[in-house]
Amino acid sequence: MNALESLLDLLDPERIEEDIFRGLSRPTAVPRVYGGQVAAQALVAAGRTVPADRSAHSLHAYFLRAGDPGAPIVYTVDRIRDGRSFTTRRVVAVQHGQPIFHLSASFQTYEDGLEHQAAMPPAPDPESLPTAAELLPRHADRFVDPSVVDRLLETRAAVDLRYVDAPPYATAGQVREARSQVWFRTVGKLADDPLLHVCLATYVSDMTLLDSVLLAHGRGGWASGDIVGASLDHAMWFHRPFRADEWLLYDQTSPSASGGRGLGQARIYTRDGDLAISVIQEGVMRVPRGRGSGGGPGAGRD
């Protein structure tokens with residue numbers, strides 16, 4: 001099984017009752033379940049209880065507890081509303097008898113209406129940028145544990161993700177503009193199911209969104225040992241059709257960091273310039289003791 005097939009299998013939770021699904025995890029670069037995986041599995045579970053003519057147009061989610069990658073995750077779907085145009089679902093993910101995540105998602109039948117969008121910002125051609133396999137090994141000495149390079153490459157093998165400018169870990173100690181751009185697409189073609197493409201974009205969206213917070217403070221990130229933290233909440237709005245197996249530009253900024261938290265917001269564009277998705281996420285961002293001011297004890301959520 002190649003990397004993309006393995007990822008698609010991961011994002012295909014088993015239906016064990018009418019509205020109950022079970023998902024598995026796989027090892028990641030950190031000792032907890034990757035948040036994008038939980039969000040994508042929950043969205044798949046919700047989407048499988050919705051009429052086929054209704055596409056996901058938004059999701060709002062909270063990460064409640066760090067997931068255990070060694071245990072199954074049970075997703076329970078509540079059918080909140082089935083209206084004439086909109087369908088609403090709520091999903092709770094449970095491990096060891098406790099909720100670790102919950103998601104609300106809304107689906108809509110297609111309608112014609114008013115149309116405008118923010119213009120796509122300039123960005124270089126994705127093929128002109130280094131791949132992760134070319135970039136990460138160059139900076140292995142910047143990580144607390146250099147073996148994290150191999151773990152990151154393994155967990156991202158199904159996604160071709162390319163930074164437009166140097167990632168945070170490459171310029172730790174240098175304060176930069178709170179903005180980061182990456183191009184991404186899956187490594188291989190996907191089926192035409194719109195829900196599949198939405199779920200793959202959801203999976204990737206959690207990988208780099210808080211990079212812009214790190215850049216504003218010259219931090220390299222968790223692998224560099226100068227930040228500890230975790231995602232708190234995540235919201236996405238799906239505006240126009242797109243394919244996750246074709247290049248998408250992820251343009252990310254951070255308008256604020258305060259109170260041990262950082263906010264990232266982003267727009268995802270197709271290569272042709274269509275605004276496909278808007279994304280917002282807030283995360284805990286704590287500076288370890290002895291690594292600068294403003295940090296508190298502990299990591300992640302209390």
Side-chain angles (χ1 to χ4, degrees), residues 3 28-30 32 34-37 121-187 201 203-231 234 244 247-255 257 262-269 277 279-288 291-292 299:
T28 65
V30 293
R32 61 175 181 259
Y34 167 56
Q37 172 202 311
D125 189 272
E127 277 91 0
S128 70
L129 303 171
T131 65
E134 295 167 338
L135 186 64
L136 276 164
R138 297 179 196 168
H139 303 286
D141 61 334
R142 292 180 173 269
F143 300 135
V144 175
D145 177 5
S147 69
V148 76
V149 170
D150 292 332
R151 298 201 302 273
L152 282 170
L153 289 174
E154 181 180 359
T155 57
R156 297 184 179 184
V159 178
D160 189 349
L161 188 149
R162 306 191 185 194
Y163 278 88
V164 170
D165 296 307
Y169 58 78
T171 60
Q174 175 186 341
V175 174
R176 294 164 51 190
E177 180 186 5
R179 183 174 185 179
S180 176
Q181 289 182 321
V182 298
W183 285 98
F184 72 87
R185 66 178 178 183
T186 58
V187 180
Y203 177 83
V204 177
S205 68
D206 189 39
M207 287 184 177
T208 63
L209 185 50
L210 297 180
D211 281 1
S212 53
V213 181
L214 299 175
L215 293 174
H217 298 274
R219 301 287 167 172
W222 63 268
S224 300
D226 60 6
I227 282 290
V228 291
S231 303
H234 197 85
W247 285 115
L248 296 168
L249 177 66
Y250 200 5
D251 185 62
Q252 304 152 97
T253 62
S254 175
L263 184 69
Q265 58 187 24
R267 292 166 176 165
I268 299 179
Y269 293 85
I277 311 169
V279 193
I280 295 180
Q281 182 182 90
E282 189 173 47
V284 171
M285 306 288 280
R286 292 179 175 142
V287 180
R291 296 301 297 266

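What you see is a predicted model; the values in this text were computed from it and never measured. Positions are given from 1 along the sequence.
Between the CG atom of Leu152 and the CG atom of Leu135 there is a distance of 11.0 Å, given to the nearest 0.5 Å. For the atom pair OG of Ser254 and CD of Glu282, the computed distance is 9.5 Å after rounding to the nearest 0.5 Å. How far OH of Tyr163 is from OH of Tyr169: 6.0 Å, rounded to the nearest 0.5 Å. Here Arg219 contributes atom CZ and Leu210 contributes atom CG; the two are 15.0 Å apart, rounded to the nearest 0.5 Å. We find the CD1-OH distance between Ile277 and Tyr269 to be 12.0 Å, quoted to the nearest 0.5 Å. Within the model, atoms OG of Ser205 and CZ of Phe184 stand 7.5 Å from one another, a figure rounded to the nearest 0.5 Å.
Using a 4.5 Å heavy-atom threshold, the side chains of Val182 and Val164 count as separate.
The heavy-atom pair separating Leu214 from Gly221 by the smallest distance is CD1-CA, 3.8 Å. Closest of all the heavy-atom pairs between Ala244 and Ala201 is CB-N, 4.5 Å. Taking both residues in full, the closest heavy atoms of Ala3 and Ala158 are given as O-CB, 3.5 Å, listed atom of the first, atom of the second, then distance. Considering all non-hydrogen atoms of both residues, His217 and Val175 come closest at C-CG2, 4.1 Å. Closest approach of Gly220 and Asp226 over heavy atoms only: N-OD2, 2.7 Å. Between Pro255 and Leu263 the shortest heavy-atom distance is CD-O, 3.5 Å.
In terms of modelled atom types and a separation under 3.5 Å, the side chain of Tyr250 and the main chain of Ser180 share no donor-acceptor contact. With hydrogens and angles ignored, the 3.5 Å screen pairs a side-chain donor or acceptor of Thr131 with a backbone N or O of Glu134. In this structure, Ser224 contributes its side chain and Phe143 its backbone to no donor-acceptor pair below 3.5 Å. Listed for the Arg176 side chain is no donor-acceptor partner under 3.5 Å among the backbone atoms of Thr171. When atom types are taken as modelled, the side chain of Trp183 and the backbone of Pro124 share a donor-acceptor pair closer than 3.5 angstrom. Side chain of Gln252 to main chain of Leu209: a donor-acceptor pair is present (N/O by atom type, distance under 3.5 Å, no hydrogens or angles). Side-chain atoms of Arg162 come within 3.5 Å of backbone N or O of Leu129 as a donor-acceptor pair.
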*Criterion side-chain contact (heavy atoms from CB on, under 4.5 Å) on Thr186 and Tyr203, from CA distance to verdict*: CA-CA 11 Å; Thr186 58; Tyr203 177 83; over 6 Å; no
*Evaluate the side-chain contact (heavy atoms from CB on, under 4.5 Å) criterion for residues Leu249 and Ile268: first the C-alpha distance (whole Å), next the side-chain angles of each, then the deciding distance (0.1 Å), finally the verdict.*
CA-CA 5 Å; Leu249 177 66; Ile268 299 179; over 6 Å; no
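Taking the salt bridge (charged side-chain N to carboxylate O under 4.0 Å, His left out) definition, one finds that Asp125 meets it with Arg271, sequence neighbours left out. In this structure, the side chain to side chain contact (heavy atoms under 4.5 Å, CB included) partners of Arg179, at least two apart in sequence or on a different chain, are Pro121, Glu177, Gln181, Asp251, Thr253.
Residues in residues 135-147 take part in these salt bridge (charged side-chain N to carboxylate O under 4.0 Å, His left out) pairs, two or more places apart or across chains: Asp145-Arg151.
For Arg185, the CZ atom counts as densely surrounded, since its 6.0 Å shell holds more than 12 non-hydrogen atoms of other residues, nucleotides or ligands.
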